[in-house]
Each structure stands twice: as C-alpha cells, then as structure tokens.
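Taking it in order: structure first as structure tokens, then the write-up.
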Amino acid sequence: MSEATHDVVIVGAGVAGALIAKRLTAAGLKVLMLEAGPASTQRYTDYLAHLDHFHAAAAKGAESPWPPALGAPQPDSADLALPTPQLPATNGYFIQRGPQLYGSTYTRTLGGSTLHWLGVSLRMLPEDFRMRTLHGVARDWPLDYATLAPYYEQAEHEIGVSADVEEQRYHGLSFRPGYNYPMRRIPPSYSDQKLAAAVDGLRVPLGDDAEAAVRVRTYPAGRNSTPRRGYEPVGAVDLVGEDDRDSDAEARTSDLGGRCQGNTSCTPICPVQAKYNAGKSLAQADRRYLTIVPQAVACRVEVDGGDGRVTGIRYQHYADPKAAVFEEKVAVGRFYVLATHAVENAKLMLASDLGRDDDALGRNLMDHPALYAWGLAPAPWGAFRGPQSSSGIEEFRGGRFRARHAAFRFDIGNDGWRASTGAPDTTVADAVLNRGLFGAKLRDDLAGTLPRQVRMSLAVEQLPDPGNRVTIDPAHRDAFGNPRPVIDYRITDYTLAGMAAASEAARAIFAQAGITDCSKTTTELPFPAVDYAQQTFRYHGMGHFAGTHAMGADPASSVVDPDQRAWRHCNLFVVGSGSFPTMGTSNPTLTLAALALRTADRLITDARR
Amino acid sequence: MTTREERFVALGAALTGIGPVSLAGTGQVAIYLGALDRLLPTGLVDDMLDRFDLAPEEADAAAAVEVILADPRLGPVARSLILLWYRGGWTQLPADWRAEYGASPLDDSRVISGDAYRAGLQWVVAGAHASGANAQGFGAWARRPATGLLP
C-alpha cells in the first residue's frame, strides 16, 4: 500500500507547491508531489492542444482551455450565470449557500491557477499587515512587511517579474537600496499612455480623508520583458524524459516565451508562456530528487491519534481522466505540505476530520469582488492589443478611509470590453442584429468603435468574516466520492461601501478622460448582483481566494503559525493564500509565493535536524 | 467563368464590407460554404447566390444585399453569415425562422474551429489580432493603433 518514503510529500502542483519543490530539491531533499489533475502542460505540444481548445471554445472564460478531469472537478464562471439563483446553487462544483454567490474559480491541472492568472505581482502594502492596529478593523498579521520583504525579492525572481522599482514606491512600499526587479517594466500600452495624459493628477475625494491624486502606473507583472543584467528569462516549458532518470534528458524550456508578444490572452492562456506558470518552477527543480505523480487526488490526511503527526496522504490514482476508476494509495514522507488551493486545502483537512478541534478551519474565506467600468474613449486608443492589461491605479489601496470602507485598486484593460460584455463578438452582433448594419457601414462602424473600447476592473477589498466559510456535507460528493466544497458567502457593507466609492472614482476618471461611460448593471450581464444603498452592483470574482486556514500568533484563533505550520500537526505545513489573515488589495500570488519560499526555508532547516 | 466559391466571396464582400482578397485570405471560404450547405435546407445557399448575381455591378451590390437582408427566408441566413465572417462562429438562426423553414441539428451557435476563430475579421478591423493568436510583437501595443488596413 505505502510507497517509498520521501522527505517531503507535497499535495498540489501549483505555484506554492512548485516553488517549495524547487527549493527543497535544490537542498537535496527527496520530494514526492501529488497533483490531482493531469500533467498535460509539461510538453509544449500538449500545451498547444489546450490553446486550440480555447480558440475553438464557444465560451472563452478563464477555465475554457483547462477542462477538468472527472476526479478533479473545479468551479467554472459559467456556473454563476444564473438568471434567478435558487439557493443553495448546486449547478456547479461548489454548493453555494449564499446569500451572495462566490464569484471566483481555479484550475486543477499541473500548474494550477497560474495557468490562467493575469500575472499581476503586487506586494501587499505595509499597512495591509496591520489592519487592526492602524484602522481598527479585521486583524493584524503575525508578521510584517519587513519580515516578508526579502522573500518578496526572491519571489519576484522566481516568478520573473517585470517592473521598474522607482515606479513602485507608494503607500509606504519600500525596497532594499539598489534593488530592482529582474526585468524592466512591461511597456505601458498606448491606451495607458492616453489615459495617463488625461487623468494623472486628478484629485478624487475619499470621504473625509484627504483626497487621492490619481496616477496611472504600470504594475509589476509576472511576464517576461527586457531582462536586467544577470537575469535570464524562463520561456515555455517543454519537458522531455521526465520519467527517465537514467538518461541525461532533463527538463528543458523551449525557445518560445522569452518575451511577451502581446497576445492579449494572459487569462485564460498565454500562448507562448511568456507569462509565468508553476510548471516553469517545476521544470527548474532538480529532477533527481523530485517525483511528480499526476492524476493523484489526495482524499485523506492520515494522522496519528496520539501526537497529531501526519503519517501519510491517501490518494486516488486514476489512469483515465474521464472515468470514475481509481486505485487508492498512500504517500508517506517525514513532512507534508498541503498546497492544493485555499478551498481544496480546507476541504481536504475537513474531509480528514482535522476540523473537529479547529474551529477556524475553513472560515474567513475572502475574495476581491470586483466591478467593471467600461466606456468609449474619445479616439482610437488601440483596444485588443498587448498583454491583457499593463497598468493600474493604486492610489486607493491605502489610507485612513479603511477604518470605514474597503480599499480598492483599478486594473486598466487592454482588451476592450471583452471581460465586461463579451466584445468584440457582442459588439459585432449588436451592430448586425440590432442595428441592421452591413457592408462598408458595418466595417467602418466597427473600425470606429472597437479600438475605442476601454475597460477598468475595480477590485475591492474584503475583510475576514468567520461566517464566510468552506464546509463539507456528506450529501454532496463528486464522482470519486470526495466532498464538494459548500460555500457560505456574504459581501458586507464595508466592502459594498468600497464598491460605491470605487464606482464614483471610476466615473470621475472617465469624465476627466472624455470617456463615454457605457457601464451597465442590467440583468443581461452574466454576473451576480448585490444591492447597496439604492444601487445594484454586478460583481465578479478575481480568483483571489484567501483566508480558509489563516495564520496567526494564537492557536485558538488560527490554523497555521507564521511559518504556515499547522498548530495541531507538527509535520504538516498548509500553504497558499488560505494562510492570509487579511488580503488587502494586492493580487495574492506574489505574497503567497513569498510565504511559500519562507516555509521552504523552515522545512529545510527542520528536515536536516 | 465564375466559380461557386467566387460568387460566395463576392456576396460575403458585399455583406461584410471587407474586400474579396481579405475574405479569401482567411482560408475559410470552402469551409464556410460547406458548413452552410450542410446546415441549411437544400438549395437555399444557391438561391441566395442567385439573388445576389442579379446585381453583379458593384454599385448595385448594396441594393442586392438589402433585398436579401429584407427577405424573410434569406435575411436571417445572411445576417448569421456576416457574423460568421467577422467572428469565425456560426450563430443559430432565429426560432421563428427555424419553425418556418426547418431546424437542422447543425444549426447551433458554435465556433467553427480554432482556425476560424483566429481568422475572424473583427480583430483586423479593430487594428488588432485575435485574442490568444497572431500577436503583434513585444511593445507594439505601446504604439498608436493602425486602423484602416482593410479592405
């Protein structure tokens, strides 16, 4: 039943697990990695099949290139397109009990959700770690920005982040003297430049706070740009001979993806892998010490009843991704790392009865519920070109107003109204079917409209709320008999007031730039609705799951310690954005990567002891 | 002598406002024509081509297209054909049309193929490229967009 003992068993081949695997194997530790989904992203020819799957898909959501295996189901944004949701909503993978629908999704394939992330690699603000102390809400982290700063640097190099450090000093973000990102910033799009010229310096009031002066700036992106001295960009993964250790075949990366081409498709798939995905870190791991077992669904964490030590990970190994046929096995190591996503980590631990004495487990689920604002620029600004976005507005991420309402940040799209309305398809359909255009008039209308489409995403902070949680229910199981996540989710007034402020700021920015606001909140949009103060917001998830196994200084109110070690299981580490006590407004990947690298260092020390 | 495919391209050019060379350059002419033949009632495509051929002069093409678009049987097909050229996907005909003229199981809204998606004209008229394909190259997005490339 048991397989060979390894030093460390890692569950999940996403960014956190991959970074830990790379670091542990570099230290000569033997790592066994279980991945629930297939390894169909390791050979570039297989990866291209995912790309064509996306091109040929009718619905081009974040999951469209990544169809799940039967035993590794995943949420899909199409699950949320319910005209009148009946709760609980059971049509997708999640059992959604409401009152709001949780809007985000993730991918269970080797590489995880970095296969379809946008690549935004912002650090959290120093004030984000001290929300209770500074703003009197939520809770403080058990570590601070200064502690994490060296690991942010390491994460920026592991991921390959493009940015200019002088553009990233705001709201107290500080950098080691002489530090710069491994690659120069992604060039801001023509649209970014036009918007910046129009709105930089615009003062937007934020309640009784001092107003914020807007500045359009490129954000740090996990996409290859022009390297700085000494850094070599990592391109597309094309592994050969991964199962043949006797040959000298090693992980290779192809010539593709050394630099962003501007495919305008970071989400859901970068055609050339110029954008980071976790497969790149796995390809750089020392394969002599790494065994990856794909199509292996972890179903139970086996624990010694006495001291709480983990003794093995029981998993279901399947050959056919389309069949409910599997063989049960147990992976055994000295240490264990759960790196299988905020929701999946909590689900797996709950299914292993680890929540009995751990009331915090599964609670405080967060996201960045986000609104779209979209409009028509006064001139062709060149939509549908470049990386999906290249700049943002960060001024609303911090300030005294956070005592009263949520902070927020804007992402400025380069992809027209694709995300908000389904353009250009819907723009063409409207012109032909509703407005009766054809011939030269149709062509000229589209040529005059499409390049003027502008879209911003207004991503709003959400605080930890113990009632927002992942649970399991024996009544709801997947095809392999594993529990489906049951989600309770409420967007509170703190976040809703942030949405209202964000909407006002977006309107002010559009007005200043001469952008005709075309934003709608009508029911034809496939996004869940939430009402607040005589307004209806249509929100979507950002894919920013967090908080289900939050870290803390006190075992009574947290699941893991500041090293991400489970308080109740001394050889178990639970990693990822599930460890975040709060999440601020930064996209979580860089922070969870920094935390993972820090945990890897702790593991190496422990394993050598 | 004009082939059936050439007549189909001429009709497509009048419907879309995109020149015949650009339409032929998509590589989709035979594929789209074959798809229409399969999903529409026998003879309908030829009826549409015949109707358009009544006005071969360029000046009359727009008038001929207007007649086709106003025709209860041909109009909805012509509109789905415009969308096909621009988007690379077929759009299911309206319910009342399907009730009147027959509902083929092949008449469903779908992307014809990855190639068809990549060849959609909507991206080109936007001065852009299909999302996830035909990228313009590093840094091209920082420059003023090129427009007016077609027909």
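Residue numbers begin at 1 in each chain, while the letters A, B, ... track the order of the sequences.
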| What heavy-atom pair brings B:Ala135 and A:Gly262 nearest, and what distance separates the two atoms? |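 Here B:Ala135 and A:Gly262 meet closest at CB-O, 3.6 Å.
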What is the minimum heavy-atom distance between A:Ala58 and B:Val111, and which atoms define it?
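That would be CA-CG2, 3.9 Å.
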Q) Is there a donor-acceptor contact under 3.5 Å from the side chain of A:Arg385 to the main chain of B:Arg143? A) yes
Counting heavy-atom pairs under 4.5 Å to chain B, which of [options] comes out on top?
| options | answer |
| --- | --- |
| A:Pro451, A:Pro387, A:Pro380 | A:Pro387 |
| A:Gly386, A:Ala56, A:Gly382, A:Ser265 | A:Ala56 |
| A:Asp444, A:Asp192, A:Val428 | A:Val428 |
| A:Asp52, A:Leu446, A:Asp425 | A:Asp425 |

Could you tell me which portion of [X] (side chain, backbone, both or neither) has an atom closer than 4.5 angstrom to a non-hydrogen atom of chain B?
| X | value |
| --- | --- |
| A:Thr226 | both |
| A:Ser225 | both |
| A:Ala57 | backbone |
| A:Arg452 | neither |
| A:Pro271 | side chain |
| A:Leu51 | side chain |
| A:Ala274 | neither |

Contact winner vs chain A - [options], heavy-atom pairs under 4.5 Å:
| options | result |
| --- | --- |
| B:Gly132, B:Ser80, B:Gly139, B:Gly137 | B:Gly132 |
| B:Ala130, B:Gly120, B:Ala128 | B:Ala128 |
| B:Ser131, B:Ala133, B:Gly114, B:Ala126 | B:Ser131 |

Can you say whether [X] sits under 4.5 Å from chain A via the side chain, the backbone, both, or neither, judging by heavy atoms?
| X | answer |
| --- | --- |
| B:Ile112 | neither |
| B:Phe138 | both |
| B:Ala14 | backbone |
| B:Ala78 | neither |
| B:Ile82 | side chain |
| B:Arg144 | both |

Quick one: pull up [atom1] in [X] and [atom2] in [Y] and give me the separation to the nearest 0.5 Å.
| X | Y | atom1 | atom2 | result |
| --- | --- | --- | --- | --- |
| A:Leu437 | B:Arg79 | CG | CZ | 11.5 Å |
| B:Leu15 | A:Arg443 | CG | CZ | 13.5 Å |
| B:Ile18 | A:Leu442 | CD1 | CG | 8.0 Å |

Check whether more than 12 heavy atoms from other residues, nucleotides or ligands sit under 6.0 Å from atom [atom1] of [X], and answer yes or no.
| X | atom1 | value |
| --- | --- | --- |
| A:Arg184 | CZ | no |
| A:Glu232 | CD | no |
| A:Arg215 | CZ | yes |

Are the side chains of [X] and [Y] in touch, meaning some heavy atoms are under 4.5 Å apart?
| X | Y | answer |
| --- | --- | --- |
| B:Tyr117 | A:Lys60 | yes |
| A:Leu433 | B:Leu83 | yes |
| A:Ile186 | B:Trp141 | yes |
| B:His129 | A:Thr264 | yes |

Give the intermediate values and the outcome of side-chain contact (heavy atoms from CB on, under 4.5 Å) for residues B:Glu66 and A:Phe438. CA-CA 9 Å; B:Glu66 286 205 47; A:Phe438 67 93; 3.3 Å; yes
